[in-house]
Amino acid sequence: MRTVKGVLTVLLILFAGFALVLVAQRAPLPKSPRLYVFDCGRLEGGDVSRFRLTRQEMATTDMSVACYLVAHPRGTLIWDAGAVPDADIDASPAGAEAKRYRIVLPNNAERFVTSARTLKSQLAAAGYAPADITYLALSHYHYDHTANANLLAASTWLVRPVERDAMFAAKPPDLLQPSTYSALRNSKTVAIRTDDHDVFGDGTVVLKWSPGHSPGHQVLFVKLANTGPVVVSGDLYHYPEERTLKRIPTFDADEKQTAASREALDVFLKQTGAQLWIQHDFNANAKLKKAPAYYD
Ligand SMILES: [Zn+2]
């Protein structure tokens with residue numbers, strides 16, 4: 001009897017130790033918010049007249065595809081999920097050359113994205129697994145922001161009802177890739193009905209409604225202790241020239257709304273002194289430090 005008890009005790013201690021090691025391997029939540037930038041590829045611009053721009057007006061027609069992780073004392077948030085699903089990215093050894101992927105949309109339009117690393121591997125390098133992610137928020141529903149949404153279906157999805165309704169409509173709008181986010185249908189979901197949604201309740205991470213590009217389009221505000229406040233743009237702008245030359249894409253759901261959202265954001269940027277990070281701005285994004293480095 002004694003021996004059985006002894007063995008059980010030893011097993012229990014071993015199990016507890018193993019569990020501790022498992023827990024210890026996960027990155028602890030930080031004392032103040034951190035913003036990680038992941039490289040989710042390079043999207044070829046194609047026909048830039050869709051943005052009411054000409055090649056001559058632009059520094060580059062390439063777009064960065066960026067995904068982000070906010071680590072906050074009360075949990076984690078992934079902002080946007082890339083253009084190429086992890087499953088499609090070959091498990092290339094680190095340092096291997098990036099590959100060019102052809103994305104075919106339901107209306108047969110095609111896009112080309114060059115990508116080297118999965119979102120999951122970059123998340124792991126920062127110390128997190130998909131199961132550790134508290135919240136998922138997408139700036140909007142287009143394919144180049146949803147690729148790995150299914151990977152995060154166990155997180156709580158923060159979404160505007162008007163956007164969710166369009167995503168699961170019988171006939172979704174163009175530029176959507178429903179297979180990449182189908183699992184979100186059954187995710188725990190917070191339907192955001194206010195312009196601003198304070199994710200962790202302390203004002204440091206806020207989703208701001210900025211409709212026009214899509215009906216439920218949002219931008220991400222993060223207040224960082226050392227870096228200062230940052231707004232991550234979603235696709236309120238794609239190219240920096242849209243901002244300087246005041247051009248609005250031809251394929252926005254509502255151009256007037258886009259113009260109003262841009263004006264409102266300018267006021268907000270002035271009030272807060274926040275920097276604006278345009279997610280698809282290739283040259284600006286190239287200068288940002290990438291995970292596992294972070295902004296705090
Ligand atoms: Zn986009």
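If you read the sequence from its start, that first residue is 1, and numbering goes on from there. Counting convention: from 1, in listed order, for ligands and their atoms alike. Source: prediction; values computed, not measured.
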Exercise. Which of these passes side-chain hydrogen bond (donor to acceptor under 3.5 Å, both in side chains) with H140: D80, T146, D235?
Worked result: D235
For this session: Check each of R111, R102, R100 against E44 using the salt bridge (charged side-chain N to carboxylate O under 4.0 Å, His left out) test, and report the only one that passes.
Result: R100
Exercise. Quick one: CG on L152 to CG on L123, what's the gap to the nearest 0.5 Å?
Worked result: 7.5 Å
Problem set entry | Minimum-distance N/O/S atom that D144 presents toward the Zn ion (ligand 1) | OD2
Exercise. Does H280 bring an N, O or S atom to under 2.8 Å of the Zn ion (ligand 1)?
Worked result: yes
Problem set entry | Of all N/O/S atoms in D235, the name of the one nearest the Zn ion (ligand 1) | OD2
Seminar exercise, completed: Output for pair (N285 CG, W277 CH2), nearest 0.5 Å, gives 9.0 Å
Exercise. From the Zn ion (ligand 1) out to just under 2.8 Å, does an N/O/S atom of H145 turn up?
Worked result: yes
